[in-house]
Amino acid sequence: MASRRTVSVLTWIARSASIRPRANLERGFGRWDSVRLYGVAAEATNEPIKPHITIDHTQLLIDGKFVNAASGKSFPTIDPRTEEIIAHVAEGDAEDVDRAVKAARKAFDTGPWPKMTAYDRSCILLRFADLIEKHVEQLATLETLDNGKIYEQALTIEVPMMARLFRYYAGWADKIHGLTVPADGPYHVQTLHEPIGVAGQIVPWNFPLLMFTWKVAPALACGNTIVLKTAEQTPLSSLLAAKLLHEAGLPPGVLNIISGYGETAGAAISSHMDIDKLAFTGSTETGKLVSQAAARSNLKPVTLELGGKSPFIICEDADIDKAVELSHFALFFNQGQCCCAGSRTFVHERIYEEFVEKAKSRALKRVVGDPFKKGIEQGPQIDRDQFNKVMNYIHIGQQEGAKLVTGGSRFGSKGFYIEPTVFADVQDGMKIFKDEIFGPVQSIAKYKTLDEVVRRANETPYGLAAGIFTKSLDAANTISRALRVGTVWINCFDVFDAAIPFGGYKMSGHGREKSVYSLENYLQVKAVVTPLKEPAWL
């Protein structure tokens with residue numbers, strides 16, 4: 001099972017036969033072959049499905065035990081399909097963070113985890129991956145219930161990818177080593193790669209389990225201990241995952257989970273004097289605050305994966321039907337709530353009019369509704385704040401003179417659903433082309449030459465990702481090397497793999513998630529120098 005390494009979410013989302021990948025039912029991918037394309041239907045107005053699941057874990061996890069917040073406070077987590085309360089979750093704050101850090105520090109300084117052989121640590125991570133697969137339906141149900149993402153997406157892509165990533169880092173655990181370095185003189189020099197200590201981690205709400213995995217797996221593989229804050233919108237699935245990780249044999253105090261708000265729990269983690277490393281995924285604005293707090297406290301190193309406004313460049317030679325489908329996927333996947341979404345669609349002027357018309361038709365066919373139902377392509381936005389933010393940007397786009405091709409309104413009367421929206425004739429200075437909307441709003445602009453589109457694509461403070469659609473290898477090579485972004489997808493999009501690094505240029509952050517590069521985030525390098533007495537060789 002672990003032999004298949006590359007997983008693209010296109011496996012289940014691609015619709016046209018010419019770009020649909022072969023299904024791999026053994027791994028659980030490709031189960032959406034039976035999905036039919038409907039017109040935008042009134043699914044959201046139907047009675048939502050009530051998933052059969054019990055919410056067992058709503059407390060904080062500190063030192064291997066589920067406990068209430070010190071203050072006794074809790075907060076509601078909301079089902080975005082119905083706007084109703086799912087459960088009340090313990091609201092951690094600075095006092096709880098301090099308790100968690102003390103547990104993590106004790107586990108690192110005197111506990112068995114960093115002193116355990118790397119092989120034994122890898123065995124625990126492998127057992128956890130097995131438990132993920134055993135509980136795949138439970139994890140996927142919590143993810144959809146709390147987040148609103150498509151259930152089949154969580155079930156067949158995201159939770160299996162979580163298991164794959166933990167197996168990947170389990171494989172790295174006993175392959176982390178330093179070097180023997182030749183020196184100019186009679187010295188034996190070696191470098192040690194040591195765990196950095198207590199890692200503070202803050203994850204977002206758009207991919208709760210995958211972001212939990214991107215942070216936790218490499219940190220544990222390196223022998224660190226962790227205090228992780230979940231997003232207040234989506235605390236449930238990470239609590240179950242942490243419980244399963246302890247069931248796999250993780251010692252108490254190694255992983256501590258704090259549910260709470262950014263201005264309290266998040267701020268306490270960022271500024272804590274006994275946290276050695278900080279990793280944050282979220283908005284660029286919050287990333288700046290996190291970095292400032294880390295610098296003002298103990299100058300802890302920070303890894304940031306932040307916002308994006310990714311260009312999707314469609315060249316003159318493109319197959320228009322395939323380009324429409326791929327650009328549609330690049331933007332609308334996960335309700336548009338994706339940091340690397342292809343949210344600036346650049347189309348060559350020769351094919352522009354035809355492309356816009358077909359993009360409109362594809363958006364009109366997109367099926368919006370309860371994400372637990374078969375055949376649904378788009379669920380609700382995460383919460384009312386995000387819903388209002390997206391609707392405001394749609395209003396701004398109209399005010400600024402962009403052409404509203406389709407959509408632009410709320411979908412249904414209950415839940416945070418928005419019609420798939422397409423703007424054409426968008427200009428570079430418009431806010432919908434500059435700001436990260438994080439919603440189902442496609443903005444299409446026209447260009448003439450490759451030099452022009454590269455310049456315009458780079459005229460942004462962000463640099464997370466980009467897409468190129470072309471038949472020309474020369475064009476693909478020229479554009480990909482010129483773009484100032486961390487990932488370039490050529491004739492594909494959102495291809496994520498355990499071994500492929502992910503991260504941004506400019507204000508999209510620094511450091512890399514996934515791959516061997518992410519291990520560097522959680523290791524320190526120590527040089528050890530010993531004199532040699534009458535060495536036989538140097």
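Basis for what follows: all heavy atoms, side chains included, without hydrogens, waters or symmetry-related copies. Bear in mind the structure is a predicted one, so any value in this text is a computation, not a measurement. Along the sequence shown, residues are numbered consecutively beginning with 1.
The closest donor-acceptor contact from the side chain of Lys300 to the backbone of Ser270 lies under 3.5 Å. Remark: the backbone N or O of Gln378 is not paired with any side-chain donor or acceptor of Arg366 at under 3.5 angstrom. In this structure, the side chain of Ser310 engages the main chain of Ala465 through a donor-acceptor pair within 3.5 Å. Between the side chain of Tyr447 and the backbone N or O of Arg456, no donor-acceptor pair lies under 3.5 Å. In terms of modelled atom types and a separation under 3.5 Å, the side chain of Gln381 and the main chain of Ile418 share no donor-acceptor contact. Using modelled atom types, no side-chain atom of Arg484 and backbone atom of Lys506 make a donor-acceptor pair closer than 3.5 Å. With Arg384 contributing its side chain and Glu83 its backbone, the two residues share no donor-acceptor pair below 3.5 Å. Judged purely by atom type and a 3.5 angstrom limit, Lys229 uses its side chain to pair as donor or acceptor with the backbone of Gly260. Formation of a donor-acceptor pair under 3.5 Å by the Thr421 side chain with backbone atoms of Glu419 is found in this model.
Glu305 pairs by the salt bridge (charged side-chain N to carboxylate O under 4.0 Å, His left out) definition with nothing, not counting sequence neighbours.
Scanning all heavy atoms of the two residues, the minimum distance from Leu209 to Ala241 falls at CD2-CB, 4.1 Å.
Rounded to the nearest 0.5 angstrom, Lys309 NZ and Lys434 NZ are separated by 11.0 Å. Atom CZ of Phe469 and atom CG of Asp319 lie 6.0 Å apart (nearest 0.5 Å). To the nearest 0.5 Å, atom CG of residue Asp494 and atom CZ of residue Phe333 are 6.0 Å apart.
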When you look at Ile432 and Val426, which way does the side chain to side chain contact (heavy atoms under 4.5 Å, CB included) test go after all the steps?
CA-CA 8 Å; Ile432 59 171; Val426 181; 4.1 Å; yes
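Defined by atom type and a distance below 3.5 Å, a donor-acceptor pair is present between the side-chain atoms of Asp425 and Tyr352. Defined by atom type and a distance below 3.5 Å, a donor-acceptor pair is present between the side-chain atoms of Thr470 and Asp317. No side-chain N or O of Asp146 forms a donor-acceptor pair with one of Gln233 less than 3.5 Å apart. Side-chain contact annotation: Ser518 with Ser515, donor-acceptor N/O pair under 3.5 Å absent.
When the options Glu158, Gln337, Glu143, Gln335 are evaluated for a side-chain hydrogen bond (donor to acceptor under 3.5 Å, both in side chains) with Lys149, the one that passes is Glu158.
In this structure, the ring of Phe493 has its center less than 6.0 angstrom from the ring center of Phe312. Phe433 has its ring centre less than 6.0 Å from the ring centre of Phe346.
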